[in-house]
Amino acid sequence: MEYRTLVTTEDNKSYVNSIENRDISNLPDNDTLIKVKFSSLNYKDALSASGNKGVTRNYPHTPGIDAAGIIENSSSDKFKTGDEVIVTGYDMGMNTFGGFGEYIKVPQEWVIKKPKNLSLSESMAFGTAGLTAGLCMRKLLQHGLEPNDGNVFVSGVTGGVGIISLMLFKKLGFNVTAITGKLDQEEFLRNLGADQVIDRNTLDLDLISPLQKPIYSGGIDAVGGKILSNLICSTSQRAAIACCGMVGGLSLDTSIFPFILRGLTLFGIDSAESLLETKEEIWNNFASSWKLKNIDKNIKDISLEELPEEIDKILKGKQVGRVRVVYD
Ligand SMILES: NC(=O)c1ccc[n+]([C@@H]2O[C@H](COP(=O)([O-])OP(=O)(O)OC[C@H]3O[C@@H](n4cnc5c(N)ncnc54)[C@H](OP(=O)(O)O)[C@@H]3O)[C@@H](O)[C@H]2O)c1
């Protein structure tokens with residue numbers, strides 16, 4: 001049986017993305033075959049689709065770290081044909097063919113039964129970006145962060161992780177500062193619940209003094225580099241930051257002072273390899289107490305054919321919000 005899929009091919013160190021028909025026997029030899037109904041685009045997919053060997057070692061390859069669909073067959077007792085399921089992360093889309101194809105074949109240990117009050121399409125409006133925002137929030141709430149503690153921030157806020165972090169903070173009653181490089185999106189961000197919008201270019205990133213004015217009781221950083229270094233110095237007593245991204249750089253330039261004089265906690269988030277139970281907890285939250293009514297409104301639906309253009313946009317930092325791939 002043939003299926004449609006995006007294939008990234010290596011050609012003399014350049015990488016080409018094309019849509020092809022492939023035979024299903026090309027899928028890896030895993031125990032659970034899923035017909036994909038929706039996928040979504042994340043920054044990591046763009047890295048995989050552009051030849052980042054830290055993400056994907058071998059080409060040709062099908063990226064896509066997210067998939068929501070229907071069990072076609074599985075040797076697992078946990079699933080029966082027709083069950084609606086979600087798969088995110090682990091090796092999918094990295095070195096195992098991913099959700100940018102109409103079918104995936106993955107180990108049952110990666111698969112989650114979709115919660116009742118969340119549709120397949122909603123699940124991919126969240127995708128790994130949403131899961132990551134949820135994992136950040138889980139850490140901050142476990143730390144004890146509360147709206148009364150004061151203002152929180154979200155950096156890289158117009159991106160996938162950023163937007164859902166903003167909406168979640170708002171849903172939970174926090175006063176949120178949105179830090180962005182796209183001031184033209186201010187109205188959009190305010191409509192999503194941002195109380196303040198700051199242009200990241202106005203932060204003095206070369207002046208990282210050990211301690212700056214304590215402005216934030218916590219936050220979610222999807223950028224890393226100098227922005228995170230700066231924000232670390234701007235936190236108040238007993239603050240907590242959850243960091244997950246590196247679009248702004250890989251290094252962290254800071255001092256010990258925010259940690260030993262203000263008791264700052266910095267949480268690192270790795271959504272791909274999170275325990276399946278932890279992922280289930282977040283998906284259940286998205287189906288209940290963290291339900292975001294507007295999640296479907298702020299999403300761009302595209303076909304497989306439109307993916308290469310959107311991949312290019314996310315690589316250039318030009319993407320706003322989430323992109324969902326919809327199959328027929
Ligand atoms: N650790 C994990 O488990 C995990 C999971 C998912 C994603 N991530 C990482 O989190 C980051 C965000 O992912 P995403 O899917 O939200 O990506 P995205 O949709 O591309 O969003 C990234 C946002 O960061 C800002 N940005 C882009 N280039 C920048 C630069 N040079 N300096 C500062 N800010 C910049 C932009 O927002 P503004 O213009 O609004 O500032 C952009 O929209 C990526 O590094 C991704 O790899 C990590």
Side-chain angles (χ1 to χ4, degrees), residues 39-50 52 54-56 63-66 88-90 92-94 124-139 153-168 176-190 192 194 196-203 205 219-231 241-252 266-275 278-279 282 298-300 310-324:
S39 180
S40 85
L41 177 62
N42 295 278
Y43 192 74
K44 202 180 202 176
D45 300 319
L47 295 178
S48 170
S50 57
N52 186 308
V55 177
T56 300
I65 61 172
D66 287 342
T88 64
Y90 302 116
M92 191 176 73
M94 293 180 71
M124 285 298 105
F126 286 103
T128 285
L131 181 69
T132 306
L135 289 165
C136 289
M137 189 61 74
R138 175 176 180 269
K139 281 287 182 199
F153 69 82
V154 178
S155 65
V157 70
T158 64
V161 175
I163 267 186
I164 296 173
S165 300
L166 167 62
M167 291 196 275
L168 265 183
V176 197
T177 297
I179 303 172
T180 183
K182 305 186 191 86
L183 260 199
D184 58 329
Q185 298 298 324
E186 177 164 357
E187 197 185 332
F188 169 66
L189 292 168
R190 286 197 184 272
L192 288 181
Q196 297 79 230
V197 178
I198 291 185
D199 178 356
R200 73 168 126 91
N201 300 309
T202 61
L203 298 174
L205 298 180
I220 296 180
D221 173 75
V223 171
K226 286 188 169 184
I227 299 257
L228 176 58
S229 307
N230 186 284
L231 291 166
I241 297 175
C243 73
C244 64
M246 45 98 206
V247 281
L250 304 183
S251 60
L252 198 54
L266 179 63
F267 292 108
I269 299 299
D270 171 20
S271 65
E273 292 297 328
S274 290
L275 296 176
T278 310
K279 291 185 183 184
I282 302 295
N298 298 298
I299 189 123
K300 182 171 177 184
E310 299 297 329
I311 287 170
D312 200 39
K313 236 188 251 173
I314 205 169
L315 276 176
K316 290 181 177 148
K318 297 234 160 87
Q319 201 61 259
V320 176
R322 297 271 301 136
V323 174
R324 179 169 55 194

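In listed order, ligands and their atoms are each counted from 1.
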Does the residue [X] have a heavy-atom contact with ligand 1, meaning some pair of atoms that are separated by less than 4.0 Å?
{"X": "Lys44", "answer": "no"}
{"X": "Ala222", "answer": "yes"}
{"X": "Ile227", "answer": "no"}

Specify the protein heavy atom at minimum distance from atom 23 (C) of ligand 1: its residue, its atom name, and the distance to 0.1 Å.
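In this structure, atom 23 (C) of ligand 1 has Gly156 O, 3.8 Å as its nearest protein heavy atom.
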
Within 6.0 angstrom of Lys313 NZ, more than 12 heavy atoms from elsewhere
yes

Any side-chain donor-acceptor pair under 3.5 Å between Thr128 and Asp66?
yes

Regarding Lys279 and Ser274, do their side chains bring together a donor and an acceptor under 3.5 Å, going by distance alone?
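Their side chains do not contain a donor-acceptor pair, so the 3.5 Å distance test is not met.
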
Which atoms of ligand 1 sit under 4.0 Å from any heavy atom of [X]?
{"X": "Val157", "value": "40 (O)"}
{"X": "Gln319", "value": "43 (O)"}
{"X": "Lys182", "value": "36 (C), 37 (O), 38 (P), 39 (O), 42 (C), 43 (O)"}
{"X": "Asp270", "value": "3 (O)"}
{"X": "Ile269", "value": "1 (N), 2 (C), 3 (O)"}

Of the backbone atoms (N, CA, C, O) and the side-chain heavy atoms from C-beta on, which set of [X] has a member under 4.0 Å from an atom of ligand 1: side chain, backbone, both, or neither?
{"X": "Thr180", "value": "both"}
{"X": "Thr132", "value": "side chain"}
{"X": "Gln185", "value": "neither"}
{"X": "Cys244", "value": "both"}

Can you tell whether the side chains of Arg190 and Glu187 come within less than 4.0 Å, N to carboxylate O?
no

